Amino acid sequence: MKTKLWKTVQALLCLILLVAVLGMITLFRAAAEVERVWQTAQQSLQQVHSPKDPVFAAPVPTVLDTDLMPTGAEKVIFTDPLLPENALYDFVQSRLPQYAHCAVTASIEPRHEPLQTTVPEWTLQLPEGYDAHLTVTDPEGIKVFDGAVQQSYTRTFAANGTDVCTLTLRQQTGEGRASFTYEFQVMLDVQPTVTLSTETAAQGDVVAVLVSGNIFGEPMSLSTELGLCDFVPLDTPGSYGAYVPVAYNRGVGAWPIEVTVGDTAHTLSVQVEKRDFTVQHMTISQSVADSTWNSAAASTEYRAAIYPLYELTDNERHWDGAFIEPVTGYRLTTQYGLWRYTNGKYSERHSGIDMACALGTPISAPQNGVVLFADYLQLTGYTIVIAHGGGVKSMFYHMNSIDVAAGDTVATGQKIAEVGTTGYSTGPHLHYEVKIGSQSIDPFQLFDGTSGLFAGLSAAG
Ligand SMILES: [Zn+2]
């Protein structure tokens, strides 16, 4: 009985031992399998998705030729044989946090400073192979773009300020999907500036008032007692010039020039310096003098026809460089600004130049322009006035015949008339004169390209 009981206990102990051993073997084998799976997963990740060898390199779009760097990357999803495709990102994040964003963290330097520009336009250039979505919020806080972009996107500012933009690039490859976010700003801050081409000018010169950076075309105005002129566009966008005459008889000293651009007023000053002019003693037959210079009717007719033209200015610039001399083979008989005594009495300052040459010598337009007047006047004979823009005009007197009519457009070098001796004239010559508003300037500075009339023009010479 005692032996039988012992045997039963022994058998029971053996059974318990067997069960325990079998259980331990099973547990051990299960743990080993878990470890194997885990090792395989890690190896797979390290081989394919090591941080030093990212599957998805961050693409580099550009704005204003500046590389954009991603400010964030999300849902960098890897496919892996051991795990459901869309689950690996969660797995990586929860189990291997050091691998989260492993494809992009290596080189990210988020850009927080706005990109600065001085032109009212910027362009986003995209790398190839991505689906791109862009939103642009303008300086007023209005979303001006929200949509897909192919290759590039160009935006034009309507005012100074900062555009706030978000770009998302998505890529799908055999290895998985990636999404990169770029947050960037583009800032435009350009204020118009006003400068003078020179602070000192001699009698007969031209002083240019140059405006730059007026890229939104704010209204401009200019006021000076030196003369009437108007702004014309220059070659650089946002740049304008107004050409102020300093006539031969302007007093020496400081002359103010008031300029307004938009709401901003600028007060400038030009110092006029003395220039020496020659003196001429001329005799003319009393009958010619009486029918022209001394004739009230001739004077009245001239003023009625010509004076209103002084007030005409336009914002177009027709001249594109130095003026050519309107006649060739001439002899300069009366200089600009000269003091003239006629028949023994002081009569006038000469506001143009007299170019003596043979009767019938062809006369050329010295620069591009529009004919404002072409007709016969008792005082000046056959007379032509050409507008070159901005209030600048060429005047031609005493001609034998004219080839153009008011309203015609003329090009530099085009024949407009022939030399004569009509009106207040003692012999065949061309009286050529350049006026800005009602003020006469030195024509020779236009021929040799030294005039302030060419300041701001790239084609000057
Ligand atoms: Zn003259």
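Keep in mind that what you see is a predicted model, and the values were worked out from it rather than measured. We count ligands from 1, going down the list as the structure has it; atoms in each ligand are counted the same way.
Scored by the salt bridge (Lys or Arg N to Asp or Glu O under 4.0 Å) test, E325 finds no partners at all (sequence neighbours excluded).
Below 30°, between 30° and 60°, or above 60°: for F447 and Y432 the angle between ring planes is below 30°, a parallel geometry.
Among the atoms of E433, no N, O or S atom falls under 2.8 Å of the Zn ion (ligand 1). The nearest N, O or S atom of H350 is closer to the Zn ion (ligand 1) than 2.8 Å. Taking backbone and side chain together, H431 holds an N, O or S atom under 2.8 Å from the Zn ion (ligand 1).
When the options H281, Q280, E348 are evaluated for a side-chain contact (heavy atoms from CB on, under 4.5 Å) with Y341, the one that passes is H281.
Of all the N, O or S atoms in D354, the one closest to the Zn ion (ligand 1) is OD1.
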Donor-acceptor list for residues 253-268 side chains, cut-off 3.5 Å, not counting sequence neighbours:
{"residue": "W255", "atom": "NE1", "partner": "G251", "partner atom": "O", "Å": "2.8"}
{"residue": "E258", "atom": "OE1", "partner": "T267", "partner atom": "OG1", "Å": "2.8"}

